[in-house]
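I have placed the structure first, in the form of structure tokens, so that the comments after it can refer back to it.
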2 protein chains.
Amino acid sequence: MKPTIYSVAEQAGVSISTVSKVINNTGRISERTRKIVLQAISELNYHPSVVASALTGKQTKTIGLLIPDISNPFFAEIARSIEDRSHELGFNVMMCSTDNNKEKEEKYLSLLIRQQIDGLIVASAFRCASLLEDMVKQHIPIALVASEIPELSINTVTVDDYRGSYLATSYLLSLGHRRIAIIAENVRSNKPRVYAFRDTMEEAGVQGIDRYVIKTEAAITKGYESARQLFSLKERPTAIFVCNDLLAIGAMQAIKEAGLSIPHDVSIIGFDNTVLSTTATPMLTTIAQPMKEIGTKVVNLLIQEMEEPKTYKERLLLSPELIIRESTAPLH
Amino acid sequence: MKPTIYSVAEQAGVSISTVSKVINNTGRISERTRKIVLQAISELNYHPSVVASALTGKQTKTIGLLIPDISNPFFAEIARSIEDRSHELGFNVMMCSTDNNKEKEEKYLSLLIRQQIDGLIVASAFRCASLLEDMVKQHIPIALVASEIPELSINTVTVDDYRGSYLATSYLLSLGHRRIAIIAENVRSNKPRVYAFRDTMEEAGVQGIDRYVIKTEAAITKGYESARQLFSLKERPTAIFVCNDLLAIGAMQAIKEAGLSIPHDVSIIGFDNTVLSTTATPMLTTIAQPMKEIGTKVVNLLIQEMEEPKTYKERLLLSPELIIRESTAPLH
DNA sequence: GTGAAAGCGCTAACAA
DNA sequence: TTGTTAGCGCTTTCAC
């Protein structure tokens, strides 16, 4: 039988409230009694039940994590860092991969509410923001990572997308490229990336940007298709800025298949700096997101919010960095 | 305020036990009452509390997952499939990355016990099996994936490691290679892979196998180092069997850096068939693990065990498959 | 410094 | 068919 607070109390010859006090370091307990109780706890190998304690109004010590897909290396790294920071603070995390799919988002939200999670971290798209209303109504603290939900006022941590895209675009321009294409993912966080691309190109006086803008979904095959589409144009681009590494890998495959060489014929630059960018050949020049830091910061923000809800929410933009590898070169 | 069973009962003008009965489909309830209750539930947007229900002896509907590292693509894919199957069956999963580190294993185990998980899936190494004793004592069902703990009798799902290694080794032999090296990870599941390698090589009459056996940890850099080590030998191998894709990528980097070409000078074959094997250049020949199926099966096994503990535990070995891509070629 | 007792939201006898 | 009630393991007030 699993030991309870009663077994400990009996073993120690005290009342359960005394045991409770030593566990939680509340009230005043004599050093002697504390020792005896601690002794009993370790003898019985007692672990206080979070379930029971949660029922009395305390925390469940669990955080929900809604993420598009844990098997996507970018989110896996973010998740890892969220997990680490949460565990540091004594919280467990329940992971749910939504595929950015409305039905799953709804279903998992309901599962998580029933589990009485203390807080929620969202990286999923939530194109239908009203789904989150239950959460808001029940005052469950929420924080967003690597995603945007403009309808709601929520603490958020993301990379500075606009700046990242600026870094990528201006780097390609500085290499002499003018026919630069962008392959973006069709999610909100990619919008600033597209805007920065346009702005930077326009400022450089480049014309006819529109034909080189493609939006698609996050998958290697989609990157492949998008690149092929670009190569079917009369004037094919000499450089491509691909808004995440997964898509970039697909694009690289298409470029090679077309008999072109990277970076000699086509320069390519990714976004994220996941494992994939170092395992690709040639190694991918990319915009690095500080993934460890992003994960750590959202958890911090969420915990802060749990302790004391802020009226004014924060939006934290972390600085991306250009990592130059082998997939970019001066215009030939 | 979060709606409770009481608010629903009041709203519907019935007792809480009636509400409980309609929620759980127990006892007999008139169609009329059921409708009224359901109505009240949806009006209040009521979600029954798993916490409260767990306290009465029912399940917490959560499964613990101890995995070495969620940011490792192999485990991320396994985790994704475990997650999907669990959610299908109404369970949430709490994820813990242990880095195969004893202290973390111990800490997370204690966290999970306190959370009163219904079952535990273990992919972590647990070199110290006694850590799991608490779980066994408390009759918490356990299932193992992609790992082995010989000291304990536990339901297990793994790929057939011996056969996988046989497939890899005999394929390299069939290409005419004799100086074949193996880079293995220093965990239990890799032992059968090394055995099969030795056995197959011996049966083919190859001598001096020992100098070509390297054991290391799962990291790209380790693969890199191991391959360099092999190239420092007088007679360098003409083919390398690397026991996981992560290591294989590292080895590929070392080979290229040494100015050798893959597969012309050195053939290389991986194990796992993660994304990495398709994003690498040349694309990696590898032994595919049926990751989706492995995840699904462990969950099934765990749930079975939760419903009715078996005296004799099962060990399920799923068949691996040789995927021939571009990194292997006949001996030059 | 310590203990008795009420109550958290729910389930499951048992009564009605 | 529906309602009453006693717990589940814990926290927390309030007496002692």
Side-chain angles (χ1 to χ4, degrees), chain A residues 1-38 40-41 44-62 90 110 113-118 138-140, chain B residues 1-41 44-62 90 113-118 138-140:
Chain A
M1 211 35 223
K2 197 174 183 302
T4 70
I5 199 171
Y6 288 97
S7 8
V8 176
E10 193 177 358
Q11 171 96 357
V14 298
S15 75
I16 59 162
S17 53
T18 301
V19 176
S20 174
K21 279 165 198 156
V22 346
I23 293 169
N24 301 297
N25 269 309
T26 53
R28 18 187 97 270
I29 296 291
S30 73
E31 211 33 62
R32 211 178 90 75
T33 318
R34 171 187 310 283
K35 277 235 178 71
I36 297 175
V37 172
L38 257 19
I41 287 178
L44 294 177
N45 214 321
Y46 166 74
H47 301 267
S49 157
V50 177
V51 169
S53 117
L55 193 57
T56 71
K58 307 203 85 177
Q59 292 179 320
T60 51
K61 289 292 173 185
T62 110
S110 164
I113 288 184
R114 299 221 295 261
Q115 293 283 357
Q116 239 134 283
I117 52 169
D118 298 326
Q138 297 188 17
H139 307 289
I140 297 177
Chain B
M1 211 32 223
K2 196 175 185 300
T4 69
I5 200 170
Y6 288 96
S7 8
V8 175
E10 193 178 358
Q11 171 98 354
V14 298
S15 75
I16 58 162
S17 60
T18 303
V19 177
S20 173
K21 279 167 197 155
V22 346
I23 292 169
N24 300 298
N25 270 308
T26 51
R28 17 186 97 269
I29 295 291
S30 75
E31 212 31 63
R32 211 178 90 75
T33 319
R34 172 187 309 281
K35 276 234 180 70
I36 297 175
V37 171
L38 256 19
Q39 168 83 20
I41 286 178
L44 294 176
N45 215 320
Y46 166 73
H47 302 266
S49 156
V50 177
V51 170
S53 124
L55 194 56
T56 73
K58 306 204 85 177
Q59 293 178 319
T60 51
K61 289 291 173 187
T62 110
I113 289 185
R114 301 222 292 261
Q115 294 282 358
Q116 237 133 284
I117 52 169
D118 298 327
Q138 298 188 16
H139 306 290
I140 296 176

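So you know, we letter chains A, B, ... as the sequences are listed, proteins then strands, and number each from 1. Because only heavy atoms are used, hydrogens play no part in the values below, and waters and symmetry mates are left out as well, while side chains stay in.
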Could you please spell out the steps behind the side chain to side chain contact (heavy atoms under 4.5 Å, CB included) verdict for A/K61 and B/R114?
CA-CA 10 Å; A/K61 289 292 173 185; B/R114 301 222 292 261; over 6 Å; no
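- Atoms CZ (B/R28) and C1' (C/dA16) sit 16 Å apart, rounded to a whole Å.
- To the nearest angstrom, P of C/dT11 lies 12 Å from CG of B/N25.
- For the pair A/Q59 CD and D/dG9 P, the interatomic distance rounds to 22 Å; values are reported in whole Å.
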Pair B/T62, A/Q115 - check side chain to side chain contact (heavy atoms under 4.5 Å, CB included), show working.
CA-CA 9 Å; B/T62 110; A/Q115 293 283 357; 3.6 Å; yes
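- For DNA chain D, the neighbouring residues in residues 30-39 of chain B, judged by any heavy atom under 4.0 Å, are B/S30, B/T33.
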Check: residues 26-33 of chain B side-chain donor-acceptor pairs under 3.5 Å, at least two apart:
{"from": "B/S30", "atom 1": "OG", "to": "B/T33", "atom 2": "N", "distance (Å)": "3.1"}
{"from": "B/S30", "atom 1": "OG", "to": "B/T33", "atom 2": "OG1", "distance (Å)": "2.5"}

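- In this structure, CG of A/L44 is placed 15 Å from C1' of D/dG9, rounded to the nearest angstrom.
- A/S20 and A/S17 form no side-chain donor-acceptor contact under 3.5 Å, judged by distance and modelled atom types alone.
- Between B/S15 and D/dT4 there is no side-chain polar atom (N or O) within less than 4.0 angstrom of OP1 or OP2.
- The interatomic distance linking A/L55 (CG) with C/dG7 (C1') rounds to 9 Å, in whole Å.
- In this structure, B/V51 reaches neither bases nor backbone, as no heavy-atom distance under 4.0 Å exists between it and the strands shown.
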What does the B/S/- profile of nucleotides 11-16 of chain D look like, 5' to 3', with a 4.0 Å heavy-atom cutoff to protein?
BB----
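- Residues B/A9 and B/S15 come closest through the heavy atom pair CB-C, 3.8 Å.
- Toward the 5' end of DNA chain D, the nearer of the two residues B/G57 and B/T18, judged by each one's closest nucleotide, is B/T18.
- As rounded to whole Å, 13 Å separates atom P of C/dA4 from atom CD of A/E10.
- Across all non-hydrogen atoms, the minimal contact from A/I113 to A/Q138 is CG2-OE1, 3.7 Å.
- Looking only at side-chain heavy atoms (C-beta outward), B/N25 and B/R34 come within less than 4.5 Å of each other.
- Heavy-atom neighbours of A/Q11 CD from other residues, nucleotides or ligands within 6.0 Å: above the threshold of 12.
- Protein atom CD of B/Q116 is 18 Å distant from nucleotide atom P of C/dG9, rounded to whole Å.
- In summary, the side chains of A/S53 and A/T56 do not present any donor paired with an acceptor at a separation below 3.5 Å, with no hydrogens or angles considered.
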